[in-house]
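On a predicted model such as this, the values are computed, not experimentally measured, just so you know.
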Amino acid sequence: MKRRTFLTAASATVIIPALARADQTAIKMRDLYNKDLSFSDLARSLEGQRITVQGFMAPPLKADSSFFVLTKKPLAVCPFCETDAEWPDDILAIYTKRRVKVIPFSVKIETTGVLELGSFKDAETGFVSRVRLSDATYS
């Protein structure tokens, strides 16, 4: 393989995807809702798309889970496990493909996943969410 061919292929597989991720702006949790807690036009326009949200990992509901709650502010306890009627506008349910590696609740993280809107009850945990990211990654 010629050097020029190698560099072109390398830039297409490494540099260009990295630039695309750098262009993706983090969405604020509050921008997903209207004042009456209905979903915002922005949220509806992004439904089904990959978005990035920053926040803090709340302590997990159980060990060996592929799910956690992302909060706007650091929380030392699980924020909600009741109904979607009590769902606050400053948390997101995050569903990952792999087991969650717990990060200290006071460390800010960035999470990227597919935005899903509407009431959903997790069969395994019983956790109810109004909004969540699926197929998510975090760092």
>> Measuring from atom CD of Q54 to atom CD1 of I27, what distance do you get when rounded to the nearest 0.5 angstrom?
In response: 11.0 Å
>> Looking only at side-chain N and O atoms, does S139 offer a donor or acceptor that is under 3.5 Å from a partner on E110?
In response: no
> T112 and T137: side-chain donor and acceptor closer than 3.5 Å?
Replying inline: no
>> With a 3.5 Å distance limit and no angle check, can you tell me whether S40 reaches the backbone of A43 through a side-chain donor-acceptor pair?
In response: yes
> Roughly how far, to the nearest 0.5 Å, is CZ of R98 from OG of S66?
Replying inline: 11.5 Å
> Any idea which heavy atoms bring K97 and D135 closest together, and the distance?
Replying inline: CE-OD1, 2.6 Å
> Between CZ of F105 and NZ of K73, what distance do you get to the nearest 0.5 Å?
Replying inline: 14.5 Å
>> Please confirm whether the ring centroid of F67 lies under 6.0 Å from the ring centroid of Y95.
In response: yes
> Just how far is it from atom CG of D31 to atom CG of L42, taken to the nearest 0.5 Å?
Replying inline: 6.5 Å
>> If hydrophobic clusters are built by linking Ile, Leu, Val, Met, Phe, Trp and Tyr wherever their side-chain heavy atoms come under 4.5 Å apart, do L115 and M29 end up in the same one?
In response: yes
>> Once rounded to the nearest 0.5 Å, what's the spacing between atom CG of L117 and atom CG of L32?
In response: 7.5 Å
> Between P74 and S106, which heavy-atom pair has the shortest distance, and what is it?
Replying inline: CB-CA, 4.1 Å
> If you look at every heavy atom in Y33 and R130, which pair is closest and at what distance?
Replying inline: CE2-NH1, 3.6 Å
> Does the side-chain contact (heavy atoms from CB on, under 4.5 Å) test come out yes or no for V69 and L92, once each step is laid out?
Replying inline: CA-CA 6 Å; V69 175; L92 284 174; over 6 Å; no
>> For residues I51 and V131: do they belong to one hydrophobic cluster (side chain heavy atoms under 4.5 Å, members Ile, Leu, Val, Met, Phe, Trp, Tyr)?
In response: yes
>> Which heavy atom of I94 sits nearest to which heavy atom of A136, and what is that distance?
In response: CG2-CB, 3.5 Å
> Could you walk me through whether V100 and Y138 pass the side-chain contact (heavy atoms from CB on, under 4.5 Å) check?
Replying inline: CA-CA 9 Å; V100 172; Y138 59 96; 3.6 Å; yes
>> Determine whether T71 and M57 satisfy the following criterion, side-chain contact (heavy atoms from CB on, under 4.5 Å), listing intermediate values before the conclusion.
In response: CA-CA 6 Å; T71 63; M57 183 183 289; over 6 Å; no
> Closest approach of F39 and N34, non-hydrogen atoms and distance?
Replying inline: O-ND2, 3.1 Å
> Is it true that R30 and D90 have a side-chain N and a carboxylate O under 4.0 angstrom from each other?
Replying inline: no
> Are F120 and F127 near enough that their ring centres are under 6.0 Å apart?
Replying inline: no
> Rounded to the nearest 0.5 Å, how far does CD of E116 lie from OG of S129?
Replying inline: 8.0 Å
> Taking it one step at a time, do V102 and F68 satisfy side-chain contact (heavy atoms from CB on, under 4.5 Å)?
Replying inline: CA-CA 9 Å; V102 178; F68 69 93; over 6 Å; no
